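Structure record follows, encoded as structure tokens.
Being a predicted model, the structure only gives us computed values, none of them experimental.
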Amino acid sequence: MCRRILRYQNELVHVEQLEWYRGKFKLSSLFIRDGSFLLIMKEETRMNYKKELAEILHQLLEGEKSAEELEMLIEKPKNAGHGDLAFPCFTLAKLKRKAPNLIAQELSEKIQSPTFEKIEVVGAYLNVFLNKQAVAEKIINDILTQKEQFGSQNMGQGGNVTIDLSSPNIAKPFSMGHLRSTVIGNAIALIVEKCGYQPIKINHLGDWGTQFGKLITAYKLWGDADKVKANPISELLALYVKFHEEAETNHALEDDGRAWFKKLEDGDEEAVELWQWFRDESLKEFARIYDLLNVDFDSLAGESFYNDKMDRVVNLLEEKGLLVESNQAQVVELTEEELPPCLIKKSDGATLYATRDLAAALYRKETYNFVKSLYVVGHEQSLHFKQLIAVLKKMGFEWAGDMAHIPFGMMLTGGKKMSTRKGKVVLLEEVLKESIEMARHNIEEKNPALANKDEVAKQVGVGAVIFHDLKNNRMNDIEFSLEELIRFEGETGPYVQYTFARACSILRKANWQPEAAPQNFTATTWEKEWKVVSFLMEFPNAIKRACENFDPSQVAKYVVDLAQVFNKYYAEVRILEESEEQAARLALVYAVTQVLKEGLRLLSIQAPEEM
RNA sequence: GUCCUAGUAGCUCAGCAGGAUAGAGCAACAGUUUCCUAAACUGUAGGUCGGAGGUUCGAAUCCUCUCUGGGACGCCA
């Protein structure tokens, strides 16, 4: 091979450029392999010590396994006594036909790197201890200079990601059930943005559909304009509930409701006017809640927005010969996909949910040219999204593969789904109010001298509710429990916020400024601090995991873990006490505040400096 | 009936591209405040990882079957 190439991360780079890279990235490790490749690691990569170890092992094993394979085998030990990285040698035993503990022993003797302080062999394991001084200094300085940028990545490269979130139904109260999509979607938007994507948050309002026909029917039968004006949502909800009660015995009501919806879709003046009114009132109420939750949207294009864009979809389907009649309705058959047929038009010609989502998908691709299009919608709609994507693929739209349903479990009361129809809902606003009140109560008890009590109570109360939703795997159902929600101890939002506030308090008392921080901390062994440092190091990985899996709980869990180790450290070490190590300790405290704050921000939770 | 999802400590959950004694929080019990905010910290107790097979040097993690809860399966969204 005449051209010497070196690999720079995943790219191939010409060796002539080596000097340029050396200047720019301070190469830490340089390997020459079979005279034709040079493998380098640039400065940022060095932070990924796992990669470095994998690379070294790869060299030592003379290519018997790829660096990537080796990296996957490296784990971080659960037990601190087992070091920071561990490599089990079992799999090599077969390849080398040698006892795994012997292999570990041999490897341990050959590894030489300033990054690794010591290598221990325990059975078949290679336990690697990082050089605490070097690593801690590196991490702390990174955070000191990058501040809230620490942990940011660029896998998104500016690509647009549309996120369908929240999407409450107009004329219905904003219930606990809607919290999940709102809060999960918002956190995903923030996380994805942190990873270099451009999120586009779309509130796909449920402002269209047969339900409005039903509501109009109910309003015309039993409604009172003054009452609705005085108390829009609760009055409309009462009408909606009454409709369903009456409809159980009087089946003509259902037909009447359907008829009114058809009129609405055809632009009947009275129907449109009522609809517009209901919609405006609802949006006013929702605005208060979004404000509390700190959520805003890039688009409010809901279902009604696609009203005039559906003919095109239907025509396209017809042109492609996908539309077939079935019991007077128009459907797309999905037998090859092993899915039930997707209903496009009802027998009365009115459109359906799927029709609107098809139109919306097309619109979003054309308007935003997304690289990913996410739908943060409950798990019970999985089939619908499978069908939606399948139909788009059948239509020949390759980009349908970039669409993804992000499902989540249900909010339950008494083991059952909350049902608007039966009027059995818990209002989100009520819950937020209770939580804020609880926070306020705690402040009076614990820190009555606090300056901006109302503001902090709001941040803490709302933080508790958001965190409670985000801390667990999306897919778990959540049994609604007010007690559980407004618990501020243990693995909760307020616990993390409290940890942050106490850390801030230390910095305040020390009158510590990041600009005045020293660059090196030679007086410190970092022994007591090591656990905290090693958690700080994990932040970028947590974000990456959260982004790849669209899973905010990864960040929530991380932030609790960091708070826990910091609290232990805080209880053990008196930081404000004069000591040679104080400079390093204060810098560490500052680093913790930065990461906690940023972690909370990614969950849309504020971090008060005092509470 | 088919498909999707979950089953880990009394409760809520982590851990699941297989790895070293299965971890937190809550609740229980016992402690810590002349000391950086006790919304905290320390300790004790608590588990045949739903069950049965299988793959493997090694399984909570992968495969098959099975039981239980929840959900979805054409004119709701």
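Between A/Lys214 and A/Glu254, at least one side-chain N (NZ, or NE/NH1/NH2) sits under 4.0 Å from a carboxylate O, which counts as a salt bridge.
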Considering only nitrogen or oxygen atoms on both sides, find all protein atoms under 3.5 Å from nucleotides 67-74 of chain B and state each distance.
from	atom 1	to	atom 2	distance (Å)
B/G74	O6	A/Ser326	OG	3.0

Protein-nucleotides 37-45 of chain B N/O pairs closer than 3.5 Å?
from	atom 1	to	atom 2	distance (Å)
B/U37	OP1	A/Ser505	OG	2.5
B/U37	OP2	A/Ser505	OG	3.4
B/U37	OP2	A/Lys509	NZ	2.5
B/U37	O2'	A/Tyr498	OH	2.1
B/U37	N3	A/Met611	O	2.7
B/U37	O4	A/Met611	N	2.8
B/U37	O4	A/Met611	O	3.4
B/A38	OP2	A/Arg502	NH1	2.4
B/A39	OP2	A/Lys446	NZ	2.4
B/A40	OP1	A/Gly490	N	3.1
B/A40	O2'	A/Arg502	NH2	2.8
B/C41	OP1	A/Tyr495	OH	2.8

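Within 4.0 Å (heavy atoms only), A/Val573 reaches at least one base atom of the nucleic acid. Among the heavy atoms of the strands, none lies under 4.0 Å from A/Pro407. When heavy atoms are screened at a 4.0 angstrom cut-off, A/Gly209 is found touching the sugar-phosphate backbone but no base atom. A/Ile575 comes within 4.0 angstrom of a nucleotide base, judged by non-hydrogen atoms across all strands. The residue A/Asn79 sits close to a base: some heavy atom pair falls under 4.0 Å. At the heavy-atom level, A/Thr91 lies under 4.0 Å from base atoms of the strands shown. Nucleic acid contact for A/Ala124: none, since no nucleic acid atom lies under 4.0 Å from a heavy atom of the residue.
Annotation: B/A40 and B/G50 have their C1' atoms spaced 37 Å apart (nearest Å). Comparing the C1' positions of B/U64 and B/U42 gives an interatomic distance of 47 Å, to the nearest angstrom. Here the separation of B/U37 from B/G71, taken at their C1' atoms, is 46 Å to the nearest Å. Spacing of P atoms, B/U56 relative to B/C63, comes out at 16 Å, to the nearest Å. Comparing B/A22 with B/U48, their C1' atoms sit 13 Å apart, to the nearest whole Å. If you take atom C1' in B/C62 and the same atom in B/G23, they sit 22 Å apart, rounded to whole Å.
A donor-acceptor contact under 3.5 angstrom links the side-chain atoms of A/Asn127 to the base of B/A20.
In B/A28 the base sits anti relative to the sugar, since the glycosidic angle is further than 90° from 0.
For the side-chain hydrogen bond (donor to acceptor under 3.5 Å, both in side chains) criterion with A/Thr351, the lone passing option out of A/Glu265, A/Lys345, A/Gln330 is A/Glu265.
Side-chain N/O atoms of A/Thr210 include one lying less than 4.0 angstrom from OP1 or OP2 on B/A77. Look at A/Lys471 and you won't find any side-chain N or O under 4.0 angstrom from OP1 or OP2 of B/C13.
Both A/Ile478 and A/Val560 lie close to RNA chain B; mapped to their nearest nucleotides by heavy-atom distance, the more 5′-ward contact belongs to A/Ile478.
The environment of A/Lys394 atom NZ is dense: over 12 non-hydrogen atoms of other residues, nucleotides or ligands sit within 6.0 angstrom.
Pairing for B/A72 goes to B/U2, judged as Watson-Crick or G-U wobble with the two contacts each under 3.5 Å.
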